[in-house]
Amino acid sequence: MSTWANLGLQDSASPLMEQLIFFHDHALLILVMITVLVGYLMFMLFFNNYVNRFLLHGQLIEMIWTILPAIILLFIALPSLRLLYLLDEINEPSVTLKSIGHQWYWSYEYSDFNNIEFDSYMIPTNELSTDGFRLLDVDNRIVLPMNSQIRILVTAADVIHSWTIPALGVKVDGTPGRLNQTNFFINRPGLFYGQCSEICGANHSFMPIVIES
């Protein structure tokens with residue numbers, strides 16, 4: 001989970017999140033290079049004494065500053081497309097979890113196991129244990145196995161919600177009347193925290209998600 005000094009992304013707990021972090025670093029490196037180049041050119045303008053009264057066009061430089069950004073965009077677009085298809089891939093799932101968003105709690109169904117169903121509410125601050133996290137802990141955690149492909153089906157009962165776990169690189173919108181699915185693979189044990197990341201009403205930020213792996 002995030003702590004007070006976190007400036008970057010959370011440590012990944014799934015192969016997909018690792019790939020997302022690699023892509024983030026790749027795109028950030030390109031952005032830094034562009035920023036440094038443009039900053040240098042703007043800074044050097046202050047010291048430029050040359051004037052050319054008869055300059056009408058510079059076709060070479062215009063070709064360069066048209067083609068170069070297109071090539072840079074390709075370097076961002078191709079890894080991005082690869083990642084989009086990776087995130088969409090559904091492998092043979094070992095466990096299926098169904099998540100239903102309500103105002104303002106989640107309910108879960110393990111349809112593989114005799115249809116176990118339970119609701120998951122945030123624990124109020126005055127009922128928290130001393131080692132609990134305020135606004136993040138729930139009364140019933142999701143328990144999932146590590147090193148297994150897990151499919152999650154997400155929907156909502158009232159308004160649009162979004163089931164989001166940053167450490168796993170998962171964000172799925174829950175829309176009433178629609179069933180969205182994705183999959184993830186948890187590669188280490190631990191507690192992974194998330195929240196509803198859709199503005200679904202007054203108390204939408206009090207819909208935490210906790211996975212116990």
K.L.:
Spell out, as yes or no, whether a donor-acceptor pair under 3.5 Å connects the side chain of Asp25 to the backbone of Phe22.
P.N.:
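A pair under 3.5 Å: no.
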
K.L.:
Do Ile76 and Leu86 sit in one hydrophobic cluster, given that two such residues count as connected whenever their side-chain heavy atoms are within less than 4.5 Å of each other, even indirectly?
P.N.:
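Yes, because Ile76 and Leu86 connect within a single hydrophobic cluster, where side-chain heavy atoms sit under 4.5 Å apart.
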
K.L.:
Ser94 and Gln149: side-chain donor and acceptor closer than 3.5 Å?
P.N.:
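Their side chains do not contain a donor-acceptor pair, so the 3.5 Å distance test is not met.
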
K.L.:
Do Phe192 and Ser213 have side chains that approach each other closer than 4.5 Å (heavy atoms only, starting at C-beta)?
P.N.:
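In short, these two side chains touch, coming nearer than 4.5 Å.
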
K.L.:
Identify the residue among Phe118, Tyr121, Phe113 that makes a ring pair (Phe, Tyr, Trp, His ring centres under 6.0 Å) with Tyr108.
P.N.:
Phe118

K.L.:
Kindly compute the distance separating CG (Asp119) from CG (Asp139), expressed to the nearest 0.5 Å.
P.N.:
8.5 Å

K.L.:
Of the non-hydrogen atoms in Asp137 and Pro208, which two are nearest, and what is the gap between them?
P.N.:
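Minimum heavy-atom separation between Asp137 and Pro208: O-CG, 4.2 Å.
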
K.L.:
Sub-3.5 Å donor-acceptor pair from the side chain of Ser14 to the main-chain atoms of Leu168, do we have one?
P.N.:
yes

K.L.:
Determine the interplanar angle of the Trp163 and Trp106 rings, folded into 0 to 90°, and report it as parallel if under 30°, tilted if 30 to 60°, perpendicular if over 60°.
P.N.:
perpendicular

K.L.:
With a 3.5 Å distance limit and no angle check, can you tell me whether Asn140 reaches the backbone of Ser120 through a side-chain donor-acceptor pair?
P.N.:
no

K.L.:
List the steps, then state whether side chain to side chain contact (heavy atoms under 4.5 Å, CB included) holds for Val138 with Ile209.
P.N.:
CA-CA 7 Å; Val138 295; Ile209 304 152; over 6 Å; no

K.L.:
Less than 4.5 Å apart, side chain to side chain, heavy atoms only: is that true for Ile72 and Ile30?
P.N.:
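Of all side-chain heavy-atom pairs linking Ile30 with Ile72, at least one is under 4.5 Å.
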
K.L.:
I want to check something: taking the side chain as every heavy atom from C-beta on, are His26 and Leu28 in contact at a cut-off of under 4.5 Å?
P.N.:
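Not touching, per the 4.5 Å side-chain cut-off.
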
K.L.:
Determine, using the 4.5 Å side-chain heavy-atom cutoff (strictly less than), whether Leu135 and Ile142 are members of one ILVMFWY cluster.
P.N.:
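They do not share one cluster, since no chain of ILVMFWY contacts under 4.5 Å joins Leu135 to Ile142.
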
K.L.:
State whether the number of non-hydrogen atoms from other residues, nucleotides or ligands found under 6.0 Å of Asn114 atom CG is greater than 12.
P.N.:
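Not more than 12 within 6.0 Å, no.
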
K.L.:
Within the 4.5 Å heavy-atom criterion, are Asn91 and Arg151 side-chain neighbours or not?
P.N.:
no

K.L.:
Roughly how far apart are Leu144 CG and Ile150 CD1, rounded to 0.5 Å?
P.N.:
4.5 Å

K.L.:
Within this structure, what is the CD1-CD distance for the pair Ile160 and Glu198, rounded to the nearest 0.5 Å?
P.N.:
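Ile160 atom CD1 to Glu198 atom CD measures 5.5 Å (nearest 0.5 Å).
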
K.L.:
Could you note down all residue pairs passing ring pair (Phe, Tyr, Trp, His ring centres under 6.0 Å) where residues 53-81 supplies at least one of them, sequence neighbours left out?
P.N.:
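Passing the test, one end in residues 53-81: no pairs.
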
K.L.:
Count I, L, V, M, F, W, Y as connected when their side-chain heavy atoms are under 4.5 Å apart, and connections chain through other members. Are Ile211 and Leu136 then in the same cluster?
P.N.:
no

K.L.:
Could you go step by step and tell me if Met44 and Asn48 meet the side chain to side chain contact (heavy atoms under 4.5 Å, CB included) rule?
P.N.:
CA-CA 6 Å; Met44 293 315 289; Asn48 186 4; over 6 Å; no

K.L.:
Any chain of hydrophobic side-chain contacts (each under 4.5 Å) joining Ile34 to Phe23?
P.N.:
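Yes, one cluster joins them.
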
K.L.:
For Arg188, enumerate each residue passing the salt bridge (Lys or Arg N to Asp or Glu O under 4.0 Å) test, keeping only those at least two apart in sequence or located in another chain.
P.N.:
none

K.L.:
Do any N or O atoms from the side chain of Ser99 and from the backbone of Val154 form a donor-acceptor pair under 3.5 angstrom?
P.N.:
no

K.L.:
Scan Asp88, Ile152, Ile90, Leu87 and name whichever one has a side-chain contact (heavy atoms from CB on, under 4.5 Å) with Asn183.
P.N.:
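Of the listed residues Asp88, Ile152, Ile90, Leu87, the side-chain contact (heavy atoms from CB on, under 4.5 Å) partner of Asn183 is Ile90.
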
K.L.:
Are Asp173 and Lys171 close enough for a salt bridge, meaning some N to O gap below 4.0 Å?
P.N.:
yes

K.L.:
If we ignore hydrogens and angles and just use 3.5 Å, is the side chain of Asp112 paired with the main-chain N or O of Thr96 as donor and acceptor?
P.N.:
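Such a contact is found between Asp112 side chain and Thr96 backbone.
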
K.L.:
How many angstroms lie between CD in Gln59 and CD1 in Ile64, if you round to the nearest 0.5 Å?
P.N.:
12.0 Å

K.L.:
Does a sphere of radius 6.0 Å around CD1 in Ile199 hold more than 12 heavy atoms from other residues, nucleotides or ligands, not counting ones at 6.0 Å or beyond?
P.N.:
no

K.L.:
Should Leu68 and Leu41 be regarded as members of a common hydrophobic cluster, given that ILVMFWY residues are connected when their side-chain heavy atoms come within less than 4.5 Å of each other, either directly or indirectly?
P.N.:
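Different hydrophobic clusters.
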
K.L.:
If we ignore hydrogens and angles and just use 3.5 Å, is the side chain of Thr35 paired with the main-chain N or O of Leu31 as donor and acceptor?
P.N.:
yes

K.L.:
State, to 0.1 Å, how close Ser2 and Gln10 come at their nearest heavy-atom pair, and which atoms those are.
P.N.:
OG-NE2, 3.2 Å

K.L.:
Check Val95 against Tyr110 and note the closest heavy-atom contact, atom names and distance.
P.N.:
CG1-CD2, 4.5 Å

K.L.:
Are Glu109 and Ile116 close enough, and set up right, to give a side chain to side chain contact (heavy atoms under 4.5 Å, CB included), and what steps lead you there?
P.N.:
CA-CA 6 Å; Glu109 297 175 12; Ile116 298 166; over 6 Å; no

K.L.:
Which atom names give the shortest non-hydrogen contact between Asp131 and Ser129, and what distance separates them?
P.N.:
OD1-OG, 2.8 Å

K.L.:
Working note: Gln195 + Thr164, criterion side chain to side chain contact (heavy atoms under 4.5 Å, CB included); need CA distance, chi angles, decisive distance, verdict.
P.N.:
CA-CA 6 Å; Gln195 281 178 305; Thr164 308; over 6 Å; no

K.L.:
Any chance you could measure Met33, atom CE, to Leu37, atom CG, to the nearest 0.5 Å?
P.N.:
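The CG atom of Leu37 is 9.0 Å from CE of Met33, to the nearest 0.5 Å.
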
K.L.:
Nearest heavy-atom pair of Met207 and Tyr105: which atoms, and what distance?
P.N.:
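In terms of heavy atoms, the two residues are closest at CE-O, 3.6 Å.
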
K.L.:
OG of Ser111 to NZ of Lys98: how many Å apart, nearest 0.5 Å?
P.N.:
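Rounded to the nearest 0.5 Å, the OG-NZ separation comes to 8.0 Å.
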
K.L.:
Any idea which heavy atoms bring His161 and His102 closest together, and the distance?
P.N.:
CE1-O, 3.4 Å

